[in-house]
Asks: 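There's a structure below that I have some questions on.
No experiment lies behind these values; they were computed from the predicted model shown. All values below come from the heavy atoms of this structure, side chains included, with hydrogens, waters and symmetry mates left out.
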Amino acid sequence: MSKLTRPQIFIIGGVTALVFGLGGYFGLIDPAVKQLDTERTRRDTRRTKADEKSTAERKKKDANKQVAQAKADWNVYERRYMPDIDVSNTYSAWQDLINEQVRVLGPKMQKFLDSDKSVTKLQGSFALPAAPSDPNASLNELYVFTPGGVQVQGTFKNILSHVERWNRFDRLVLVTGLTLSGNSPNLVGQYNLQVFEYTHGDRTKAISIPQASSGGAGGGGGMMGGSGSMMGGAGMRGGGGPQMGGMSGAGAPAGGGSGVKGGD
C-alpha cells in the first residue's frame, strides 16, 4: 500500500464504490423498478377492464331501455292492430281464432272497404280459409291471411288515398300488387290484401277436444255437429258480410245460432 500513490488510491476507491453501486442497483433497485413496472401494467390492465365493464354496463342499460321502449311501442300496435288471442289457454285461444276467422275479420274488412265513397268499388269480396279443427295443431305465433283482391275506379289521387286508407284499418294489412289502368278520372286500380295477426302468451300444453254424446250431435249449441257448418243456417256470412270459409264434417264446432263459443 505504501507504493500506491494518492491518485491510484482514489481510482481504486472509485472503482470499488462503482462496483458496489452497480451491485446494489442490480441487486436491489432494478428488481424494485421491474416490480413497479409490473404493478403499473396490472393497474393499467385493471383500469382498461374497468372502463370496458363500465362501457358494457352502460351499453346494456341503453339496450334495456331500447328493448323496453320497443316493447311499449309494440304493445301499442298490438292493442290497435291485433285480435286478443292468448295461446296460453289453448282451448279459449282456439275459439277466439275461429271467431276471428268466421265472424270478425271478413265482415270488418268488407265494411271498411264499402265505407270509402271516394272511389267506385268494382270488385271486393273477401274469403278466408276454413277455421282450424284441432287447437293443438293450429295455434301459431303468426297467422297470415290472404282474403282476396280489390278493384276500384276513380281518379289517380282518390285511388292512392284509398290504398293508403288501409293503414287506418284496425288489423295489420299489407297492400300488394297495385296496378293502374285506363285514364283519369276513370282509372281502375287493382290490388291484393294480406292480413297479419300475431297471437300472444306462452303455449303451455296440448288439450283434448271435448266429445259430444251420441244423442247430442247436431243440437243447438253442441260442440260436435254431425255435418253442420260453423254458422248453421246463417250462410256463413256473419250478418251480410263476405263469404267466409266454413268447417263441416266430424270435428267441426256446430251450433246453429249459439255462436262460435257454444261449448263453454
Asks: Is the side chain of N64 donor-acceptor paired with the backbone N or O of K60 at a distance under 3.5 Å, no angle test?
Replies: yes
Asks: Would a 4.5 Å heavy-atom cut-off, applied to side chains only, mark Y143 and V195 as touching?
Replies: no
Asks: Residues two or more places apart in sequence or in another chain: which of them pass side-chain hydrogen bond (donor to acceptor under 3.5 Å, both in side chains) with S161?
Replies: none
Asks: If I compare all heavy atoms of R165 with all of S115, which pair ends up nearest, and what's the gap?
Replies: NH2-OG, 2.5 Å
Asks: Starting at NZ of K108, measure out to CZ of R171 and round the result to the nearest 0.5 Å.
Replies: 5.0 Å
Asks: Could you check whether atom CZ of F169 has more than 12 heavy atoms from other residues, nucleotides or ligands sitting under 6.0 Å from it?
Replies: yes
Asks: Can you find a heavy atom in the side chain of K111 that is under 4.5 Å from one in the side chain of D114?
Replies: no
Asks: Does F156 have more than 12 heavy atoms from other residues, nucleotides or ligands lying within 6.0 Å of its CZ?
Replies: no
Asks: Please confirm whether the backbone N or O of G124 pairs with a side-chain atom of Q110, one donor and one acceptor, at under 3.5 Å?
Replies: yes
Asks: Answer yes or no: is there a side-chain heavy-atom contact under 4.5 Å between V104 and N99?
Replies: yes
Asks: Just how far is it from atom OG1 of T38 to atom CZ of R40, taken to the nearest 0.5 Å?
Replies: 11.0 Å
Asks: Looking at E39, I'd like to know if its CD atom is crowded, meaning that more than 12 non-hydrogen atoms belonging to other residues, nucleotides or ligands lie closer than 6.0 Å.
Replies: yes
Asks: Counting only heavy atoms not in R43 (residues, nucleotides, ligands), do more than 12 fall under 6.0 Å from its CZ?
Replies: yes
Asks: Within a strict 4.5 Å, meaning less than it, do heavy atoms of the Y81 and V173 side chains meet?
Replies: no
Asks: Using 0.5 Å steps for rounding, measure from the CG atom of L97 to the OG1 atom of T90.
Replies: 12.0 Å
Asks: Which heavy atom in P147 sits nearest to a heavy atom in M109, and how many Å separate them?
Replies: CG-CE, 3.5 Å
Asks: Considering non-hydrogen atoms only, spot the tightest contact between R80 and N167 and give its length.
Replies: NH2-O, 4.0 Å
Asks: For A130 and Q101, which heavy atoms make the closest approach, and how far apart are they?
Replies: O-NE2, 3.6 Å
Asks: Establish, for the pair R168 and F112, whether the NZ or CZ atom is under 6.0 angstrom from the six-membered ring centre and no further than 45 degrees off its axis.
Replies: no
Asks: Which pair of non-hydrogen atoms, one from V87 and one from A93, has the smallest distance, and what is that distance?
Replies: CA-CB, 3.8 Å
Asks: What's the shortest heavy-atom distance between P107 and R103, and which atoms?
Replies: CG-O, 3.2 Å
Asks: In the single-linkage hydrophobic clustering (I, L, V, M, F, W, Y; side-chain heavy atoms under 4.5 Å), do M82 and V76 co-cluster?
Replies: no
Asks: Is a side-chain N or O of T41 found less than 3.5 angstrom from the main chain of D37, in a donor-acceptor match?
Replies: yes
Asks: Which value, rounded to the nearest 0.5 Å, describes the distance between Y198 atom OH and L172 atom CG?
Replies: 7.5 Å
Asks: Not counting sequence neighbours, which residues clear side-chain hydrogen bond (donor to acceptor under 3.5 Å, both in side chains) with Q69? List them please.
Replies: D73
Asks: What pairs of donor and acceptor atoms, side-chain ones from residues 174-193 against any protein atom, are under 3.5 angstrom apart with sequence neighbours left out?
Replies:
residue, atom, partner, partner atom, Å
Q190, OE1, Q151, NE2, 2.8
Y191, OH, H162, NE2, 2.6
Y191, OH, W166, NE1, 2.9

